[in-house]
Amino acid sequence: MTTTQPVLLQNLNNAVLTLSLNRPERLNAANDELLHALTNALKRAEADAAVRVVVITGAGRGFCAGQDLAEVQAGGAQTNFSEHLRRTYIPLIGAIRGLLKPVITAVNGVAAGAGASLALSGDIRLWSENASLVEVFSNIALVPDAGSTWFLPRLVGASRAFELMAFAEKVNAEMGLKMGLCEQVFSAETFAADVQAYAERLASRPLNALSLTKQALNFAQGNSLDAALDFEAVLQQRAGDHPEHAEGLRAFAEKRKPEFGKL
Ligand code: T3D
């Protein structure tokens with residue numbers, strides 16, 4: 001299934017739904033139409049049993065250059081930032097973190113401002129060798145938003161996060177991998193195919209268990225060890241009661257690969 005929309009391309013292939021931001025002439029800078037299209041596509045992906053993994057990437061040479069500044073300026077300077085964030089970026093990041101399926105952010109090029117936050121918001125972050133990330137907000141005297149202040153210090157520590165934010169220092173792919181901003185870096189030439197292969201491998205894993213794992217990790221970020229231990233116990237019951245677990249046990253006994261995708 002391939003549907004083309006003006007600002008968001010959607011392609012479902014072997015249980016992997018790829019959502020491509022499609023404003024390449026502006027490095028996929030985000031406007032309200034794009035942010036709503038992406039958020040709505042994620043909500044639909046939740047309900048669609050054919051989707052086991054979602055990939056978010058960018059068309060052209062950029063991933064996402066953050067808020068579309070040309071549109072902001074054309075409309076007069078944005079004044080109601082809080083209202084805008086609550087209406088657009090906050091629901092988007094919430095949809096990614098709350099989606100009960102793995103989300104891969106496949107960063108093909110520059111990720112700047114809220115685009116950097118989007119790049120960091122995935123469960124797994126795959127970068128092209130051409131990818132870069134810049135917390136560009138301070139260049140226009142704004143505060144990092146769309147989750148950067150939550151994601152980045154957890155990956156690099158508060159001081160390094162502050163330094164990257166204060167100087168709007170661009171992190172290239174080699175640095176990004178060393179700093180733990182991404183899990184893998186792939187060649188630019190084969191990036192789309194490598195991401196698809198990775199996503200298909202992920203799609204073959206037990207979706208119910210991964211969904212519960214995502215919930216456990218989300219919960220653990222903001223809770224004590226005692227609370228996390230208890231929540232694990234609750235979720236483990238749900239995992240153990242699911243047919244995936246029985247299939248895993250059968251496959252182990254029969255010395256074959258489990259077929260989670262068929263359940
Ligand atoms: O109300 C609220 O919700 C507030 C929320 C704010 C969230 C934010 O994201 S604030 C941060 C906004 N983003 C930026 O400040 C980034 C601005 N862009 C850049 O700093 C650079 O373009 C990049 C570092 C991203 C990439 O640099 P480079 O040299 O690779 O590309 P370029 O030549 O600067 O850009 C290519 C084109 O994309 C260019 O258009 P042109 O000249 O070819 O017609 C450029 O204007 C356009 N572009 C890049 N970023 C944006 C953009 N157009 C609109 N908005 C952008 N953010």
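Whatever order the structure lists them in is the order used to number ligands and atoms, beginning at 1. Each residue takes its place number in the sequence, starting with 1.
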task: Please could you name the atoms of ligand 1 that V136 approaches to less than 4.0 Å, counting only its heavy atoms?
output: 11 (C), 13 (N), 14 (C), 15 (O), 16 (C), 20 (O)

query: Atoms of ligand 1 less than 4.0 Å from A112 heavy atoms?
result: 25 (C)

query: If you measure only the distance, is there a donor-acceptor pair under 3.5 Å linking the side chains of R61 and N130?
result: no

- prompt: When only distance counts, is L69 in polar contact with ligand 1, meaning an N/O pair under 3.5 Å?
  reply: yes

query: With a 4.0 Å heavy-atom cut-off (strictly under), which part of R61 contacts ligand 1: side chain, backbone, both or neither?
result: side chain

field: Those atoms of ligand 1 less than 4.0 Å from some heavy atom in G113
entry: 9 (O)

- request: On the 0 to 90° scale, with breaks at 30° and 60°, tag the F191-F186 ring pair as parallel, tilted or perpendicular.
  value: tilted

field: Atom CZ of R205 with >12 non-hydrogen neighbours under 6.0 angstrom
entry: no

- prompt: Should we count CZ of R86 as having more than 12 external heavy atoms under 6.0 Å?
  reply: no

task: Check each atom of ligand 1 against the heavy atoms of G66 and keep those under 4.0 Å away; list them by number with element.
output: 9 (O)

task: Please could you name the atoms of ligand 1 that D68 approaches to less than 4.0 Å, counting only its heavy atoms?
output: 54 (C), 55 (N)

- prompt: Under 6.0 Å from the six-membered ring centre of W127 and within 45° of its axis: does the NZ or CZ of R125 meet both?
  reply: no

Sub-3.5 Å N/O-N/O distance, Q67 and ligand 1: yes

- prompt: Which bit of N139 gets closer than 4.0 Å to ligand 1, counting heavy atoms only: side chain, backbone, both or neither?
  reply: neither

field: The one among A65, S132, G109, A146 that brings a heavy atom closest to atom 51 (C) of ligand 1
entry: A65

message: Under 4.0 Å between a side-chain nitrogen and a carboxylate oxygen: does that hold for R250 and E247?
response: yes

message: Whether R23 and E71 form a salt bridge (side-chain N of Lys/Arg under 4.0 Å from carboxylate O of Asp/Glu) is what I want to check.
response: yes

query: Who gets closest to atom 38 (O) of ligand 1 by heavy atom: R26, E83, E135?
result: R26

message: Within the 4.0 Å heavy-atom shell around L85, which atoms of ligand 1 are there?
response: 3 (O)

- request: Look only at interatomic distance and state if K170 has a nitrogen or oxygen under 3.5 Å from any nitrogen or oxygen of ligand 1.
  value: no

task: Under 4.0 Å from a heavy atom of E25: give me the atoms of ligand 1 that qualify, with their elements.
output: 37 (C), 38 (O)

field: Proximal atoms of ligand 1 relative to A114 (non-hydrogen, under 4.0 Å)
entry: 7 (C), 8 (C), 9 (O)

- prompt: Would the number of heavy atoms belonging to other residues, nucleotides or ligands and lying under 6.0 Å from CZ of F162 be above 12?
  reply: no

message: Quick check on side-chain contact (heavy atoms from CB on, under 4.5 Å): which of V51, L17, V53 does K101 satisfy it with?
response: V51

task: In sequence, state the C-alpha distance, the side-chain angles, and the governing distance for L210 and L202, and then conclude on side chain to side chain contact (heavy atoms under 4.5 Å, CB included).
output: CA-CA 9 Å; L210 298 194; L202 190 59; 3.9 Å; yes

